[in-house]
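Read the structure below first, then the notes.
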Amino acid sequence: MDLAELLTGPPEKAAPRLLGSTLVSDIQGKRVSVRVTEVEAYKGSDDPASHAFRGRTMRNGSMFERPGTLYVYRSYGIHWCCNVACGPEGVGWGILFRGGLVIDGVGVAVSRRGRADSLADGPGKLAQALGIGGSHDGTRLLDHDAQIRLEAGHAPEVVLATPRIGISRAAEKPWRFIEAAPVSA
DNA sequence: AGGATGATGGACT
DNA sequence: GTCCATCATCCTA
């Protein structure tokens, strides 16, 4: 199953299968690639924690676009965070990119982050490392000539499901998925 | 290793 | 006016 097909499904199914895929950004002539290791599912009108719970607005419109559309929002007035829309067009389902590992363009990521560690282990940090901002809202991540793209990778050996982070409503749903290190011998 | 806190802006009641 | 899908820094231990 390819990414386009995967993203036509519900977020709690698609999210864990996005682990191990790669986000690639080509911005200002610089490339950064991040292996996705942490995601969260947000299920639109069925999910009180979702930005799309109350329907489509100016801010969340991208989540209602076709699968593979990037939804970028400002968090706490300071950071940028990004999601990919999934499910049928118009439903407002999405998957938040919550963390990853920089596998290409480390120097660029270090420069953007202003530090040499913790480059993408958080949604705001991941967006900053990739150079993603409000102007990238609506990017079609599955277009081969887009500035920011989502590409297939190799699936992790172990996936853990836990409650989502930083929310107060529907906090019991185990819709956070992380790539875990296999238990060593 | 873990808890508290300030920064800062937009969406919503 | 209040609530955030956060982060870095500054404490205490």
Side-chain angles (χ1 to χ4, degrees), chain A residues 7 9-19 21 23 25 32 34-65 67-87 91-102 106 108-139 141 148 150 159-181:
Chain A
L7 288 173
E12 74 277 20
K13 300 292 183 189
R17 301 200 46 191
L18 244 40
L19 295 173
S21 62
L23 275 168
S25 77
V32 172
V34 168
R35 174 182 170 88
V36 177
T37 58
E38 179 175 352
V39 294
E40 282 176 358
Y42 284 91
K43 203 167 182 179
S45 57
D46 297 322
D47 180 2
S50 171
H51 288 175
F53 182 58
R54 294 161 214 281
R56 184 169 186 157
T57 65
M58 194 77 69
R59 175 209 204 189
N60 65 24
S62 293
M63 245 196 306
F64 291 79
E65 293 293 322
T69 303
L70 188 69
Y71 163 49
V72 182
Y73 69 94
R74 201 190 266 287
S75 173
Y76 294 89
I78 302 173
H79 313 285
W80 297 103
C81 296
C82 52
N83 299 238
V84 59
C86 70
V91 300
W93 294 348
I95 298 156
L96 170 68
F97 293 111
R98 178 158 257 293
L101 294 170
V102 178
V106 174
V108 177
V110 167
S111 159
R112 287 190 180 133
R113 291 276 299 119
R115 55 195 302 140
D117 60 344
S118 300
L119 293 179
D121 58 339
K125 304 180 211 180
L126 179 147
Q128 188 179 28
L130 286 166
I132 295 175
S135 66
H136 301 106
D137 184 47
T139 299
L141 293 183
I148 305 155
L150 183 63
V159 172
L160 263 46
T162 81
R164 293 176 290 181
I165 302 293
I167 59 169
S168 53
R169 294 166 310 206
E172 77 290 349
K173 294 201 179 296
W175 284 355
R176 171 178 178 247
F177 302 94
I178 62 179
E179 171 177 358

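Naming: A, B, ... by sequence-line order, numbering from 1 per chain.
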Step by step, would you call Phe97(A) with Leu150(A) a side-chain contact (heavy atoms from CB on, under 4.5 Å)?
CA-CA 11 Å; Phe97(A) 293 111; Leu150(A) 183 63; 4.3 Å; yes
Without swapping roles, check the side chain of Thr139(A) against the backbone of His136(A) for a donor-acceptor pair under 3.5 Å.
yes
Could you check whether any side-chain N or O of Asp137(A) sits under 3.5 Å from a backbone N or O of Tyr73(A), counting only pairs where one atom can act as donor and the other as acceptor?
no
Asn83(A) side chain to Gly94(A) backbone, donor-acceptor under 3.5 Å:
no
Tell me whether Arg112(A) contacts the main-chain N or O of Ala129(A) through its side chain, where contact means a donor paired with an acceptor under 3.5 Å.
yes
Between the main-chain N or O of Ala41(A) and the side-chain N or O of Arg164(A), is there a donor-acceptor pair closer than 3.5 Å?
yes
Output the residues of residues 108-118 of chain A in contact with DNA chain C, where contact means a heavy atom of the residue under 4.0 Å from an atom of the strand; sort by number or write none.
Arg113(A), Arg115(A)
For Arg115(A), side-chain contact (heavy atoms from CB on, under 4.5 Å) partners two or more places apart
Arg113(A), Asp117(A)
For DNA chain B, which residues in residues 35-42 of chain A have a heavy atom at a distance below 4.0 Å?
none
So do the side chains of Leu141(A) and Leu7(A) get within less than 4.5 Å of each other, counting heavy atoms only?
no
Indicate whether OP1 or OP2 belonging to dT13(B) is found under 4.0 Å from a side-chain N or O atom of Arg54(A).
yes
Of all of residues 164-180 of chain A, which get a heavy atom below 4.0 angstrom from DNA chain B, listed by number?
none
For a 4.0 angstrom threshold against heavy atoms of chain A, report the outermost contacting nucleotides of DNA chain C in 5' to 3' order.
dC4(C) to dT9(C)
Output row for DNA chain C, stems defined as at least 3 consecutive Watson-Crick or G-U pairs under 3.5 Å, is B:1-7 with C:6-12, B:9-12 with C:1-4
